[in-house]
Each structure stands twice: as structure tokens, then as C-alpha cells.
Colleague: 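Can you read through this structure? Questions will come right after.
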Amino acid sequence: MSQANMSGKTANMTATAVVRPLVLDPDRRTMIISDIHGNLPFLKGLLRKVGYTKDDVLIILGDILEKSVHGLETLRYLMELSRTNTVYFVQGNCEDVTLSFLRGSWPDEVCLRYGSMWGDKCAWVSMAHQVGMEIQDPKHYPAIRAAIEKRFPEELEFLRAMPQILVNDDYLLVHGGVPRETDLEHLNAHNCMKNDNFLNQGYAFRRWVVVGHWPVSLYHRHVPTSRPLLLPDRHIASIDGGCTLKADGQLNALILPAQPGGAFRYVAYDGFPVMTAQADQEASDNSINIRWGHSLLEVLRKGEEFSLCRHIETGRELDILTEFLRQGPEGTYCLDTTDYELPVSAGQRLAIIRRTTRGALAKKDGATGWYRGDLKAL
């Protein structure tokens, strides 16, 4: 998911989608992972946890790059994996950030603004630095583009070879979303990759359409949840677990049913330490999930650990971790946060995001919330 709206307004809007057939062997397990964003430890951890082998089919649903200084390392790892294993790729808008820069699709001032904001967490900026060039003067961009093309031919060829859509009779795989299942070759490529808030656009499909791009926690107004979101009545699966972008993010692997029409499964990896709850706790009522795009605040009383804040959109007052507060052009906002209290039984295992004097911010089955009881290390 790109959080820079400038990319959607200035990228090449004329290219049409590249569509490729997806051939799956029913005797092989197929898993789909999206939105890695350069988090190679999470990718390796997830592949270990799911028991990935050469017998499996792996589909990477875009956004390997951006938002992490390890994007190129992650890309090269997957390139090497694809030489020995069956791996399919779909291009995401974060792959297109580099390609747009190289083809001059963005105005130079937009490239400068974006590159300065993300630094080496932007792949083309990292490439420029690796060839010994700085990005501050757009007059040097033609030379930077030429140097990147010369230094990274294999990586760029790999990125350019990715289609925007993989499709068969049962599944349509795309990073952002599509408005229809027919005449796919005439869809706008950029809109297939960057399609914000896709699930709320009202589409329903005959095939299962699997997307990433928009972290699933953004669809939940009350309880932040990062596990894949399945809409069986509309045949849509959204699988972006907020890896790298969210403090509580995870990387999901959606495992397709052995036969179409069967049950989906998933495995997730978040890297957090796991502890055992020592007491029961009931779920809280009327909780709120303050999420990206809905996170402007008024700070009523700032504290060292927690700050009392009023959520501008809802008027709700709640204590928010002070370390989650940020300043932006529109004022104070926060990283995704919640006042939800998890339902917990003594003896259950919780992934611990933060430990505080008021309990632990924790995860259970992909849902994030607070646990107020004692915890014991495994």
C-alpha cells in the first residue's frame, strides 16, 4: 500500500493491464502472500511457519518493495527462490514506484518529494545511492536513471516482467482490485495496482478475487484485525496484514482450498514474543479502531507513557500511547491504535506488541487489543 497520494495522481495512467493465465496443480498446495514491503525476516519466518517446500506453489501478490531499506534484498531473495521453485508474481504499485521513476512518469518535483520523504526505504533512491549518486537535484535524474538501468538490469527486467493480473476459471489475483472479470486486458494497469478501499466499492464476482494493497485492519472500525478478510457472498479475499506499515502488522499466507469451493486457510507471522495469560478477561464493548485516514487527534493531556486525546472524527476520548503520536500537515495524529480489550482465558498465548504500566497491547488470532492481567514467559 502506498501512503503517498501523489503517486496515484502522477503515474502513467494510460498503460493497460498485462494479464497472464494461472495454471494450478490440484495436487500441490498453493499459498498467496502480499505486501511484504522489504520485511525479509517476516517473509522467511512465515515460510518456515507454513512449512514451505518446493512442492508448494507460491504466489507473491505485489508490493515486495518500498517502506523498508531491505526491499532490494527481499526482491533478490524471491528472484533466487523463483529459479528453483514454482513462484508466480503480480506487480504492485510499490514495484511501479521504481518503474515510474525510470520511465519518467512522475514529474521530477514529485520524485524529489517522494524520494526525500522515504530515503533509502524507497527502492529507486536506494539504487541511486548504491551507484554513488544523490537525488536532491532533479537535473541529475537522467544520469541517475541511466546509472540505475546499467547497474541493476536483472532486477529491473524481473520487475518489468510481472503482470498486473493472474487469472484462471476459479481465481483472479490482482494487487489492488478490478471493476470486472471480463475484458481484463483493457483495464488501466495503474488502477489495478493502486485501488484503495476496494472492498467498500460494492463489487461482487463469480471467481474468487484475491487482493492485497489495503491493510485489512483499515476495514474494521471497532476491533483492529489483521487476518485475511473473506467475503464469500462477493467472492473477495483481502490479505494485506499491514506488514512493515503497522506497529501490530503481520504477514499472511492465504492457502487456497485443494478443490475450488473448499475452505480457505491462512498462516500468519508477526515476530512478536509470545507469553501466557494468567487470568481471564472479557472483551470490552463499544471499542474503537483509530486507523490510517481517520486518526486526527486533539491532545488533551500529554503524559510520558499515555496521553489523553480526543479523536476528532468521533469525539471519543481515550488514552493513547504517547510514542504513537505524530505531527502531520493537518495536525496531530496517531499510529493505528485501539481501546479494545481482548477476550482471554487463563492459559491462552498472546503475542505481545508493547508492555506498559497499564497492561499489554497484544494480539490474539490476528486481533489487536489490550490485556490487563499478568503474563508469564513461555
Side-chain angles (χ1 to χ4, degrees), residues 1-2 24 29-53 56-68 74 77-78 81 87-90 92-94 166 171-177 193 195-199 208-220 223-232 235-257 262-272 274 289 291-292 336 349-351 353 362-369:
M1 171 187 166
S2 172
L24 297 178
R29 184 174 62 161
T30 297
M31 61 188 72
I32 307 174
I33 299 173
S34 81
D35 296 86
I36 303 164
H37 289 298
N39 198 327
L40 187 54
F42 271 41
L43 175 59
K44 290 181 176 180
L46 178 59
L47 293 179
R48 286 193 302 270
K49 187 173 180 180
V50 79
Y52 173 70
T53 73
D56 296 315
V57 176
L58 176 62
I59 300 172
I60 304 298
L61 202 60
D63 280 11
I64 300 165
L65 302 175
E66 300 300 301
K67 315 301 186 276
S68 166
T74 305
Y77 174 83
L78 287 168
L81 194 67
V87 188
Y88 293 95
F89 293 87
V90 170
N93 59 297
C94 284
L166 293 171
Y171 299 103
L172 190 158
L173 310 183
V174 59
H175 180 70
M193 293 183 285
N195 192 322
D196 296 352
N197 202 18
F198 176 63
L199 269 61
W208 272 96
V209 175
V210 183
V211 301
H213 181 63
W214 195 252
V216 293
S217 62
L218 300 182
Y219 290 114
H220 299 282
V223 178
T225 304
S226 299
R227 57 181 175 265
L229 181 55
L230 302 179
L231 303 179
H235 279 185
I236 299 175
S238 184
I239 69 170
D240 179 1
C243 174
T244 301
L245 290 176
K246 306 293 182 184
D248 59 346
Q250 64 190 42
L251 193 60
N252 294 320
L254 183 71
I255 302 172
L256 301 186
F264 290 91
R265 297 185 298 113
Y266 85 97
V267 174
Y269 181 86
D270 61 22
F272 294 117
V274 176
N289 175 23
R291 60 214 187 278
W292 181 84
D336 292 13
R349 295 182 175 186
L350 303 176
I353 303 164
K363 288 176 68 180
K364 174 188 168 188
D365 300 329
T368 297

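Every heavy atom of this structure was used, including side-chain atoms; hydrogens, water molecules and symmetry mates were not. These numbers were taken from a predicted model, which means no experiment stands behind them.
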Colleague: Roughly how far, to the nearest 0.5 Å, is NZ of Lys44 from OH of Tyr269?
Modeller: 11.5 Å
Colleague: Mind listing the closest non-hydrogen atom pair of Ala263 and Pro257 along with its distance?
Modeller: O-CB, 3.5 Å
Colleague: Please report the closest heavy-atom contact between His37 and Cys243, naming both atoms and the distance.
Modeller: CD2-O, 3.8 Å
Colleague: Would you confirm whether Ser34, through its side chain, and Ile32, through its main-chain N or O, come within 3.5 Å as a donor-acceptor pair?
Modeller: no
Colleague: Under 3.5 Å, side chain of Asp63 to main-chain N/O of Cys94, donor-acceptor pair present?
Modeller: yes
Colleague: As an exercise, state the distance from CD1 of Ile36 to CG of Leu61, rounded to the nearest 0.5 Å.
Modeller: 10.0 Å
Colleague: Take Ile33 and Tyr52, measure what side chain to side chain contact (heavy atoms under 4.5 Å, CB included) needs, and give me the verdict at the end.
Modeller: CA-CA 12 Å; Ile33 299 173; Tyr52 173 70; over 6 Å; no
Colleague: Give a yes or no answer on whether the side chain of Asp56 reaches the backbone of Leu58 with a donor-acceptor pair at less than 3.5 Å.
Modeller: no
Colleague: I need the minimum non-hydrogen distance between Pro228 and Leu254, along with the two atoms involved.
Modeller: CB-CD1, 4.3 Å
Colleague: Can you name the nearest heavy-atom pair linking Ser68 to Gly38, along with the distance?
Modeller: OG-O, 3.3 Å
Colleague: For Asp35 and His175: C-alpha separation, side-chain torsions, deciding distance, then whether side chain to side chain contact (heavy atoms under 4.5 Å, CB included) applies.
Modeller: CA-CA 9 Å; Asp35 296 86; His175 180 70; 3.4 Å; yes
Colleague: Side-chain contact, heavy-atom cut-off 4.5 Å: Lys363 with Ile353?
Modeller: yes
Colleague: Should the ring pair Trp208 and His235 be called parallel, tilted or perpendicular, given that the plane angle runs from 0 to 90° and is split at 30 and 60?
Modeller: parallel
Colleague: Taking side chain as C-beta onward, heavy atoms only, is Thr74 less than 4.5 Å from Asn39?
Modeller: no
Colleague: Taking side chain as C-beta onward, heavy atoms only, is Leu43 less than 4.5 Å from Leu251?
Modeller: yes
Colleague: Show the numbers, then the answer: is there a side chain to side chain donor-acceptor pair (under 3.5 Å) between Asp196 and His213?
Modeller: CA-CA 7 Å; Asp196 296 352; His213 181 63; 2.6 Å; yes
Colleague: Determine whether Val174 and Asn195 satisfy the following criterion, side chain to side chain contact (heavy atoms under 4.5 Å, CB included), listing intermediate values before the conclusion.
Modeller: CA-CA 10 Å; Val174 59; Asn195 192 322; over 6 Å; no
Colleague: Got a sec, which residues hit side-chain hydrogen bond (donor to acceptor under 3.5 Å, both in side chains) with Asp336, two or more places apart in sequence or on another chain?
Modeller: Lys246
Colleague: Tell me if a side-chain donor or acceptor on Asn252 pairs with a main-chain N or O of Ile239 at a distance below 3.5 Å.
Modeller: yes
Colleague: Below 4.5 Å, heavy atoms only, C-beta onward: do Glu66 and Asn93 meet side chain to side chain?
Modeller: no
Colleague: For the backbone of His220 and the side chain of Asn289, can you confirm whether one donor and one acceptor N or O come within less than 3.5 Å of each other?
Modeller: yes
Colleague: For a 4.5 angstrom cut-off between non-hydrogen side-chain atoms, does Tyr266 reach Ile255?
Modeller: no
Colleague: Please confirm whether the backbone N or O of Leu166 pairs with a side-chain atom of Tyr88, one donor and one acceptor, at under 3.5 Å?
Modeller: no
Colleague: Does Arg227 use its side chain to pair, donor to acceptor, with the backbone of Asp365 at less than 3.5 Å?
Modeller: yes
Colleague: Counting C-beta onward and ignoring hydrogens, is there a side-chain heavy-atom pair between Met193 and Val90 closer than 4.5 Å?
Modeller: no
Colleague: Can you tell if the side chain of Ile59 reaches within under 4.5 Å of the side chain of Val210, non-hydrogen atoms only?
Modeller: no
Colleague: Atom OG in Ser217, atom CH2 in Trp292: separation rounded to 0.5 Å?
Modeller: 11.0 Å
Colleague: Kindly give the heavy-atom pair with the smallest separation between Ala367 and Val223, and that separation in Å.
Modeller: CB-CG1, 4.3 Å
Colleague: In Å and rounded to the nearest 0.5 Å, what is the CG to CG distance from Leu231 to Leu199?
Modeller: 5.0 Å
Colleague: Return the CG to OH distance between Leu47 and Tyr77, rounded to the nearest 0.5 Å.
Modeller: 5.5 Å
Colleague: Could you grab the distance from atom OH of Tyr219 to atom CG of Asp240, nearest 0.5 Å is fine?
Modeller: 9.5 Å
